[in-house]
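All remarks here apply to the structure that follows.
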Amino acid sequence: MKLSKQLFVTLREAPADAEVASHALMLRAGFLQQVAAGIYVYAPMLWRVLQRIEGIVRDEHDRADCQEMLMPAIQPRDLWEESGRWDRYVSEGILFHFKERKGGEVCLGPTHEEVITNYVKASVQSYKQLPVTLYQIQTKFRDEIRPRFGLMRGREFIMKDAYSFDTSEEAMVESYKTMRQVYRNIFTRCGLRFTPVEADSGAIGGSGSEEFMVDADTGEDAIAVCRATGYAANLEKAKSRIPAPAACGEVLAMHKEPTPGATTCDALLEMFPELPMTRLLKTILYHVSYDVDTLAARDGVEASTVATEGVVAVMCRGDRELNETKLTNHLCALKVELASEDEVKAATGADVGYAGPIGLSADVRLFADESVNGVEGFLCGGNETDTHYLDVHFGRDLDQPETADFGTVQAGDLVVEAGTGDVPADAAIEITRGIEVGHIFQLGTKYSESMSASFLDVDQKQKPIWMGCYGIGVSRVAASAIEQNHDDAGMIWPLEIAPYACLMVQMKVGDEAQDALCQKIHDELTAAGVDVLWDERKKVRPGAKFKDADLIGIPLRIVVGRDAADDQVEWSPRVGGDDAKEVITSADAIERVVTACRDAGRR
RNA sequence: CGGGGUGUGGCUCAGCUUGGUAGAGCGCUGCGUUCGGGACGCAGAGGUCGAAGGUUCGAAUCCUUUCACCCCGACCA
């Protein structure tokens with residue numbers, strides 16, 4: 001492909017509003033144009049990358065006997081009412097939805113569990129048709145609260161979503177394991193360094209789930225990893241062994257103390273320097289929006305008797321942090337958010353900063369994170385402005401509230417199994433960051449039951465189909481690849497997903513020897529099935545060609561210049577700098593390119 | 001949703017405080033000299049100054065409203 005035939009525009013400076021490398025470089029290199037917040041044109045060069053990624057995704061899915069299909073982007077509200085997710089998605093504000101001419105309501109699909117379940121329900125009658133896994137690659141629409149970082153979090157993005165259908169839980173787990181391996185293969189082939197982590201399943205629902213995190217400091221997710229044990233989990237989900245609290249010492253009677261202005265743990269610590277942070281219990285109030293149907297089903301009561309909103313108070317040790325995801329799950333909530341100032345005043349009778357478990361308003365449910373277990377003689381809010389209680393004991397001064405894991409793992413925490421079996425006693429957790437490029441779920445029968453997708457089993461019984469679902473952010477994979485592979489000069493594409501395998505830079509266009517040699521190399525590479533981009537722009541000087549070459553980051557490079565008459569070219573790969581450069585014959589160069597492509601599995 | 005910031009040729013920005021009818025660099029077009037790491041000279045093209053309204057003889061500049069985009073926060077009891 002001749003570069004002069006293409007629409008190819010690069011910028012010397014990146015547009016001002018690009019924060020991360022992948023976004024800035026894609027804009028500079030003309031891969032991307034922003035149309036609105038989180039909505040982009042995928043320019044030709046980027047489209048080639050996306051198609052390469054899609055090719056790998058298809059190849060790995062097809063090898064695992066998955067079938068590709070395509071579902072509609074527009075979905076009717078009815079389908080979402082069947083699964084019970086319409087209200088949740090609308091209340092979270094991420095659903096693009098609008099009225100039809102006839103008055104019905106539709107949405108732009110943010111995901112496709114409803115459509116696929118509806119399809120399979122109509123198509124599958126018998127256990128003989130299962131298992132089966134279907135997938136599609138398609139544009140998804142989500143009106144993100146805060147789109148950002150270019151392709152990293154868009155409102156419209158390319159996603160591969162797959163769905164498995166099985167006759168039993170065990171079979172579902174088998175399908176899930178197969179897909180886990182498919183995902184490992186895909187991300188490995190895309191040249192990414194990644195970590196699979198245990199994850200929260202969020203709005204999708206279901207039991208087990210894992211995310212595939214590309215290791216990158218610019219990632220939006222925090223993950224807890226332990227090198228010693230291989231444990232890895234999204235911070236939303238991670239568990240650790242909570243360090244023991246400091247002992248109480250002398251047991252004193254509970255008493256109130258004036259604590260003017262002390263609304264934070266640090267301020268209280270200054271006031272009571274002898275008190276360790278672990279004997280300071282904070283009480284945090286949340287406004288909760290309940291998932292009424294799920295909650296009613298869990299508790300076995302009528303949905304109409306369940307409150308939709310409420311305020312809860314959660315206790316937590318001073319040195320630990322709460323985890324809103326865990327809280328949300330435990331409460332069967334749609335979402336939890338910090339209570340407003342007015343709500344805090346109504347619940348505690350005090351200004352913000354003095355909430356405690358004793359004397360809370362009766363309509364506020366009280367919970368505690370398990371970090372409070374074993375804490376004695378603690379300090380807590382007095383539910384009275386400028387006042388805290390000291391020397392409080394659960395069991396003596398108040399009952400310990402319902403306690404569960406609501407805490408956030410901290411760097412340095414020990415893994416839960418530390419010191420047991422072969423696990424070292426000092427197996428600690430560190431916190432790193434990652435970009436979520438894939439997420440796999442064991443859905444169970446959540447959708448098949450709500451949408452009555454069943455099959456007739458060998459035993460003559462109708463049973464709900466066991467489902468799994470599996471997503472990859474294709475456009476996000478492209479961005480992640482740049483985050484992981486770039487330098488000051490530009491992108492460095494992994495060979496298998498590079499827009500072209502090879503860039504041939506011609507120094508002097510119109511020079512007979514160079515023209516002829518370039519044509520020969522171009523033709524031979526093309527015949528060998530290698531896509532080569534030939535920079536034969538006439539009025540662009542060598543320096544600019546080199547800058548552009550570095551910017552667009554095609555990994556294999558051949559420079560055809562002054563030694564062309566002697567059949568000599570410069571081998572000049574994107575990485576390695578001057579050390580990697582060599583003058584070799586054109587035949588050797590071709591051989592190297594073909595070999596590299598074959599070794600990388602680039603087809 | 002709350003807070004902060006920014007909107008001036010394709011890109012990066014100046015001009016605004018103190019109103020007088022729009023500039024620079026890059027990029028683009030033509031000509032010439034150059035030609036292995038973003039050359040130089042000369043001559044050009046290109047802008048409803050985000051939008052609407054107001055004040056004024058006169059608004060990029062002052063006032064009001066509005067829209068868009070970016071960033072931070074959803075972590076405080």
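Chain letters run A, B, ... following the sequence lines, proteins first and then strands; every chain starts at 1.
Side-chain nitrogen and oxygen atoms of Gln33(A) include none within less than 4.0 Å of the OP1 or OP2 phosphate oxygen of G10(B).
Base pairing annotation: C49(B) forms no Watson-Crick or G-U wobble pair, as no partner gives both donor-acceptor distances under 3.5 Å. The pairing partner recorded for A39(B) is U33(B), the criterion being a Watson-Crick or G-U wobble arrangement whose two distances lie under 3.5 angstrom. Nucleotide C62(B) is matched to G54(B) when pairs are restricted to Watson-Crick or G-U wobble geometry with both distances under 3.5 angstrom. Both distances falling under 3.5 Å, in either a Watson-Crick or a G-U wobble arrangement, occur for no nucleotide opposite C75(B). Searching all strands for a Watson-Crick or G-U wobble partner of G9(B) with both distances below 3.5 Å returns nothing.
Rounded to whole angstrom, the span from the CG atom of Leu7(A) across to the P atom of C28(B) amounts to 13 Å. Distance Leu285(A) CG to A77(B) C1': 8 Å, rounded to the nearest Å. One atom, CD of Gln34(A), and another, C1' of C69(B), lie 7 Å apart when rounded to the nearest Å. When the C1' atom of C69(B) is taken as reference, atom OH of Tyr40(A) falls 10 Å away, rounded to whole Å. The CD atom of Glu144(A) sits 13 Å away from the P atom of C70(B) (whole-angstrom rounding). Taking atom CD1 of residue Ile145(A) and atom P of nucleotide G2(B), one finds them 13 Å apart after rounding to whole Å. Separating the CG atom of Leu327(A) from the P atom of C75(B) is a distance of 14 Å, rounded to the nearest angstrom. Between the CG atom of Asp342(A) and the P atom of G2(B) there is a distance of 16 Å, given to the nearest Å.
Here C71(B) is the nucleotide among C71(B), U12(B), A77(B) with the atom lying nearest to any side-chain atom of Phe149(A). Set against C71(B), A77(B), U12(B), the side chain of Cys265(A) has A77(B) as its closest nucleotide.
Defined by atom type and a distance below 3.5 Å, a donor-acceptor pair is missing between the side-chain atoms of Asn234(A) and Asp200(A). Side-chain contact, Ser361(A) with Asp363(A): a donor N or O sits under 3.5 Å from an acceptor N or O.
Residue contacts for Leu27(A): at a heavy-atom cut-off of 4.0 Å it reaches no nucleic acid atom on any strand shown. Across all strands, Arg148(A) comes closer than 4.0 Å only to sugar-phosphate atoms, never to a base (heavy-atom distances). Looking at heavy-atom distances under 4.0 Å, Thr348(A) makes no contact with the nucleic acid at all. Ala14(A) comes within 4.0 angstrom of the backbone, heavy atoms only, and of no base.
If you run side-chain contact (heavy atoms from CB on, under 4.5 Å) between Leu533(A) and each of His522(A), Met504(A), Arg48(A), Met45(A), only Met45(A) comes through. When each of Leu151(A), Leu46(A), Val49(A) is paired with Ser475(A), the side-chain contact (heavy atoms from CB on, under 4.5 Å) condition holds for Leu151(A) and for no other.
Taking His97(A) as the reference, Trp86(A) meet the ring pair (Phe, Tyr, Trp, His ring centres under 6.0 Å) condition, with sequence neighbours excluded.
When all heavy atoms of Asn373(A) and Pro245(A) are compared, the pair lying nearest together is O-CG, 4.2 Å.
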_Heavy-atom protein contacts under 4.0 Å, nucleotides 33-46 of chain B, coded B base, S sugar-phosphate only, - none_ = -BSBBBB-------
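The environment of Lys520(A) atom NZ is dense: over 12 non-hydrogen atoms of other residues, nucleotides or ligands sit within 6.0 angstrom.
The main-chain N or O of Ala350(A) is found under 3.5 Å from a side-chain atom of Thr348(A) such that the two form a donor-acceptor pair.
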